[in-house]
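First up is the structure itself, then whatever we jot down about it.
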2 protein chains.
Amino acid sequence: MRNLVKAFRALSCETRIRILKVLLERECCVCEIMQALDISQSRASRNLGILEDAGFIKSRREGLWIVYSIDEQTMNKYAASLAEMLRGSLANGEIIYQDRERLSHAVRIGPRAIHK
Amino acid sequence: MRNLVKAFRALSCETRIRILKVLLERECCVCEIMQALDISQSRASRNLGILEDAGFIKSRREGLWIVYSIDEQTMNKYAASLAEMLRGSLANGEIIYQDRERLSHAVRIGPRAIHK
DNA sequence: ATACTATATGCGGAAATGTGCATATAATCA
DNA sequence: TGATTATATGCACATTTCCGCATATAGTAT
């Protein structure tokens, strides 16, 4: 029950749904999430933390960046189900589309390659 | 997106998950929900209202009672998916078990039959 | 070493949430 | 009619949430 409530709570906020939709497309560092959603750094970081705590995503350090990605082996089976459900949802959502657009732009010109 | 967030928000609270699990067993009036979960009347009523607003359940008057039940033809397709997911979840949850126990007791001795 | 970059986090404030208590509403009963 | 029962709702309050701002931390570059 704990896990279930936590999973639902994590998705009860539009920002986090948008983040998860982006990460379902592609793993990202924080600054890519910021650019994709056009939000502040602390906002991105905190919401990523909440999604991670709920078991939706995991993070690894890669040089200067922290890369977030879907946690396929999550301990929270509810998170797994819900992420899978989200995969097929909001296919024609305007915001989601814009996020994807901004993401590909960020990736194209991104600072990502500089330090690799 | 609106509907999606609303559906998740509705389930981001243990009380409402418990209510939904009870209603997945059996349609109930408010006083049966109160007894099943052992909560106050206003608490039951308000949380039922939130679930109804999110598209999970519907209500009809039946004499003196308002009977709540799963809304099978809900406009919110996300609510439908999530309710279906919940149907198979928490099968061995302690609280859910107790709620079910209290519910059957309430139904057995319930005032439900008086006015029918 | 210093400077720089990416990320996390403490703090404060505005808003939203969940609840109990009391009261309003509505249907039924006598 | 008035009394009773079931439910909804206004109000107040404590708690939580979400965010921005500023700062701390950690890795990298020079």
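All figures in this text were calculated on a predicted structure; none of them were measured in a lab. Proteins come first, then strands; the chains are lettered A, B, ... in the order of their sequence lines, and each starts at number 1. Values reported hereafter were calculated over all heavy atoms of this structure, with side chains retained and with hydrogens, waters and symmetry mates removed.
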Which heavy atom in B:L23 sits nearest to a heavy atom in B:C28, and how many Å separate them? CD2-N, 3.6 Å

A:R16 atom CZ is separated from D:dT17 atom C1', nearest whole Å, by 9 Å

Is there a chain of hydrophobic side chains (I, L, V, M, F, W, Y, each step under 4.5 Å between heavy atoms) that links A:I50 to A:L20? no

Kindly compute the distance separating CD1 (B:I96) from NZ (B:K21), expressed to the nearest 0.5 Å. 6.0 Å

Report the distance from atom CE of B:M34 to atom C1' of C:dT19, rounded to the nearest whole Å. 14 Å

Could you check how far CD of B:E52 sits from C1' of D:dT7, rounded to whole Å? 12 Å

More 5' along DNA chain D: A:C13 or B:A44, using each one's nearest nucleotide? B:A44

A:S45 side-chain N/O to C:dT7 phosphate OP1/OP2 under 4.0 Å: no

Check the interface with nucleotides 21-25 of chain C: list each N/O to N/O pair with the protein under 3.5 Å, or write none.
from, atom 1, to, atom 2, distance (Å)
C:dC21, N4, B:S42, OG, 3.4

If I compare all heavy atoms of B:L82 with all of A:F8, which pair ends up nearest, and what's the gap? CD2-CE2, 4.0 Å

Looking only at heavy atoms, which two atoms of A:N76 and A:A7 are closest? And how far apart? ND2-CB, 4.1 Å

How many Å lie between CZ on B:R18 and C1' on C:dT19, as a whole number? 14 Å

Can you tell me how far P of D:dT16 sits from NZ of A:K6, to the nearest Å? 14 Å

It should be established whether B:R9 places a side-chain nitrogen or oxygen under 4.0 Å from OP1 or OP2 of nucleotide C:dT17. yes

A:W65 CH2 to D:dA26 P, in whole Å, measures 18 Å

I need the CG-P distance between B:D53 and C:dT17, as an integer number of Å. 11 Å

Check the distance between D:dT30's C1' and A:L64's CG and give it to me in whole angstrom. 15 Å

Are OP1 or OP2 of C:dT19 and a side-chain N or O of B:N47 less than 4.0 angstrom apart? yes

Would you say A:Y68 places a side-chain N or O within less than 4.0 Å of OP1 or OP2 belonging to C:dA8? yes

For the student: nearest non-hydrogen atoms of A:A36 and A:L103, plus distance: CB-CB, 3.8 Å

Side chain to side chain contact (heavy atoms under 4.5 Å, CB included) with B:V107: which of B:Q35, B:R102, B:E32? B:E32

Does D:dT17 have OP1 or OP2 sitting under 4.0 Å from an N or O in the side chain of A:S12? no

Nearest heavy atom decides the nucleotide; on that basis, is B:R61 or B:R43 closer to the 5' end of DNA chain C? B:R43

